[in-house]
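In what follows, chains are A, B, ... by sequence order, proteins preceding strands, each numbered from 1. Side chains included, hydrogens not; waters and symmetry mates left out as well; all remaining heavy atoms used.
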There are 2 protein chains.
Amino acid sequence: MTTAKTGPKTRARFRREAPEERRRQLGEAALRCIVKHGNAGVSVRQIAAEAGVTQGLITHHFGEINELVAYAFDIMSEGILQSIVKAVEEAEPTPKARLDAFITASFSPIMMDRDVLGVWVVFWSLILHSPRMSASQRQEYGDYVGTVQGLLGDLSREEGFVVADLRLAAVSFTALMDGLWLAWCLNPDAFRPAEGVRLCNNWIEGLRRGAHA
Amino acid sequence: MTTAKTGPKTRARFRREAPEERRRQLGEAALRCIVKHGNAGVSVRQIAAEAGVTQGLITHHFGEINELVAYAFDIMSEGILQSIVKAVEEAEPTPKARLDAFITASFSPIMMDRDVLGVWVVFWSLILHSPRMSASQRQEYGDYVGTVQGLLGDLSREEGFVVADLRLAAVSFTALMDGLWLAWCLNPDAFRPAEGVRLCNNWIEGLRRGAHA
DNA sequence: AGGAAAATTATACGATCTTATAACAAGAAG
DNA sequence: CTTCTTGTTATAAGATCGTATAATTTTCCT
């Protein structure tokens with residue numbers, strides 16, 4: 001891909017952008033690279049090329065590449081949590097409707113996308129060796145479990161069933177969904193999205209029937 | 001680490017090993033490298049150094065490095081599945097005791113080890129971009145779910161409760177455990193191993209009470 | 001012993017990677 | 001219109017990576 005007939009000593013023309021915007025562009029380019037090549041896609045050169053800029057820009061905006069990856073992780077985490085929370089907020093304000101919305105959103109086409117989940121799994125694999133990403137993950141995981149705990153607590157109060165340890169129950173439900181995402185991502189034949197919804201609802205049904213009392 | 005006083009033109013002495021043994025040594029060295037450095041540990045040079053051999057040996061035994069990684073994945077998969085299955089076989093032959101053994105083994109110190117689980121997560125992240133590993137994973141996942149399905153089916157027959165779709169229930173239980181492993185690996189403060197056992201038992205209790213009927 | 005087969009070392013080559021540095025240009029401000 | 005700031009390009013340096021190839025050593029077989 002040659003630049004269209006540049007003179008002998010002309011430099012490439014470029015557009016100057018606000019730092020936050022460029023950072024976001026680079027972060028999204030990173031996500032696209034990970035979609036395409038997994039871990040192997042994480043490279044200054046590939047990401048710069050994907051974003052249509054030179055490598056130096058990444059150094060300039062992020063210092064080292066791990067910082068860019070962590071930033072991309074943050075972008076994605078926020079995006080996912082937000083889209084799910086949004087679905088909950090838009091549901092009818094009854095505990096059951098809100099929980100249903102949560103589950104449905106979790107298995108909507110936005111989430112049941114191998115590209116999305118594939119990037120997610122790659123991030124998981126990076127967290128253990130990146131204190132920076134680990135901190136983000138703990139924060140985000142806490143928020144997530146907290147949200148689930150709220151939904152489950154509201155439901156139990158509304159319907160009058162007992163849950164011995166609400167936080168643990170939320171951990172369990174979260175684990176179930178993560179596990180289903182992972183299983184489907186690695187092997188989409190394992191179950192259909194609608195079956196994922198059903199399995200989550202079955203878990204809730206167990207909760208109703210006092211399995212966690 | 002210099003070799004002890006080699007003459008000017010002497011070559012390093014070495015021991016010749018049977019191919020299968022050497023392959024296994026290299027596979028285990030690869031696992032150790034992944035423990036230490038995650039994805040970044042996957043490199044011909046690092047693995048060869050870890051195994052105490054030269055790089056060429058990896059090419060010789062595996063051709064390309066991805067083949068070695070896939071082999072390491074197979075080693076680990078078999079090891080884990082075997083240790084769990086063994087615990088089940090050693091339990092009393094009642095459905096409940098066997099299932100208990102399965103759950104207990106799944107949260108024993110052998111599994112609740114961040115090094116072990118960390119490697120596991122790295123492998124997950126590689127599967128999506130490696131047809132060879134993907135094939136292994138599907139096979140192994142099928143075996144695993146099949147084992148779970150057998151345990152759940154036996155219990156339901158013994159205790160006389162109804163499960164609408166046994167395969168789906170096994171998928172769900174498997175997902176719960178994978179999700180708990182993942183959560184604990186990324187954040188060991190999320191719950192204690194004994195609580196993991198309890199959460200699995202709670203899931204089973206839901207099954208008993210007809211949540212999946 | 002002696003010799004053949006194959007495991008292993010040693011080395012080289014080209015590609016790609018990360019990071020650092022200097023030059024340049026775009027946009028804003030005076 | 002000029003000047004200043006800084007986002008951006010361009011380039012280089014050094015490390016690491018994967019793989020190929022040839023030389024050498026071990027080991028087994030006769």
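- Contacts between residues 64-71 of chain A and DNA chain C, defined by a heavy-atom separation below 4.0 Å, involve A/Glu64, A/Ile65, listed by number.
- The stretch residues 127-136 of chain B has no heavy atom under 4.0 Å from DNA chain D, so no residue of it qualifies as close.
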May I have the list of side-chain donor-acceptor pairs in residues 163-176 of chain B shorter than 3.5 Å, sequence neighbours left out?
from     : atom 1 : to       : atom 2 : distance (Å)
B/Asp165 : OD1    : B/Arg167 : N      : 3.1
B/Asp165 : OD1    : B/Leu168 : N      : 3.0
B/Arg167 : NH2    : A/Ala190 : O      : 2.1
B/Thr174 : OG1    : B/Ala170 : O      : 2.8

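- Rounded to whole Å, the distance from CZ on A/Arg15 to P on C/dA28 is 11 Å.
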Under 3.5 Å, which N/O atoms of the protein pair with N/O atoms of nucleotides 9-13 of chain C?
from   : atom 1 : to      : atom 2 : distance (Å)
C/dT9  : OP2    : B/Thr54 : N      : 3.0
C/dT9  : OP2    : B/Thr54 : OG1    : 2.4
C/dT9  : O5'    : B/Thr54 : OG1    : 2.9
C/dT9  : O2     : B/Arg11 : NH1    : 2.8
C/dT9  : O2     : B/Arg11 : NH2    : 2.7
C/dA10 : OP1    : B/Ala12 : N      : 3.0
C/dA10 : O4'    : B/Arg11 : NH2    : 3.2

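- Taking every heavy atom of residues 23-35 of chain A and every atom of DNA chain C, no pair lies under 4.0 Å.
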For the pair A/Asp115 and A/Arg32, evaluate salt bridge (Lys or Arg N to Asp or Glu O under 4.0 Å) and give the outcome as yes or no after the intermediate values. CA-CA 9 Å; A/Asp115 287 347; A/Arg32 263 174 277 136; over 6 Å; no

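- Checked for salt-bridge contact, B/Glu20 and B/Arg24 miss the test: no charged N lies under 4.0 Å from a carboxylate O.
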Could you walk me through whether B/Arg23 and B/Glu21 satisfy the salt bridge (Lys or Arg N to Asp or Glu O under 4.0 Å) test, starting with their C-alpha distance in whole Å, then the side-chain angles of each, then the deciding distance to 0.1 Å, before giving a yes or no? CA-CA 5 Å; B/Arg23 284 168 63 91; B/Glu21 191 158 351; over 6 Å; no

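- Between the side chain of B/Trp184 and the backbone N or O of B/Phe191, at least one donor-acceptor pair lies under 3.5 Å.
- Comment: B/Glu92 does not engage B/Arg98 in a salt bridge, judged by the lack of any side-chain N to carboxylate O separation of less than 4.0 angstrom.
- Between the CD atom of A/Glu17 and the P atom of C/dA26 there is a distance of 13 Å, rounded to whole Å.
- Using a 4.0 Å cutoff on non-hydrogen atoms, the parts of residues 36-43 of chain B near DNA chain D are B/Val42, B/Ser43, ordered by number.
- Of all heavy-atom pairs spanning A/Phe107 and A/Val197, the tightest one is CB-CG2, 3.7 Å.
- Looking at heavy-atom distances under 4.0 Å, B/Gln46 makes contact with sugar-phosphate atoms alone, never a base.
- A straight line from CZ of B/Phe62 to P of C/dA7 spans 13 Å, rounded to a whole angstrom.
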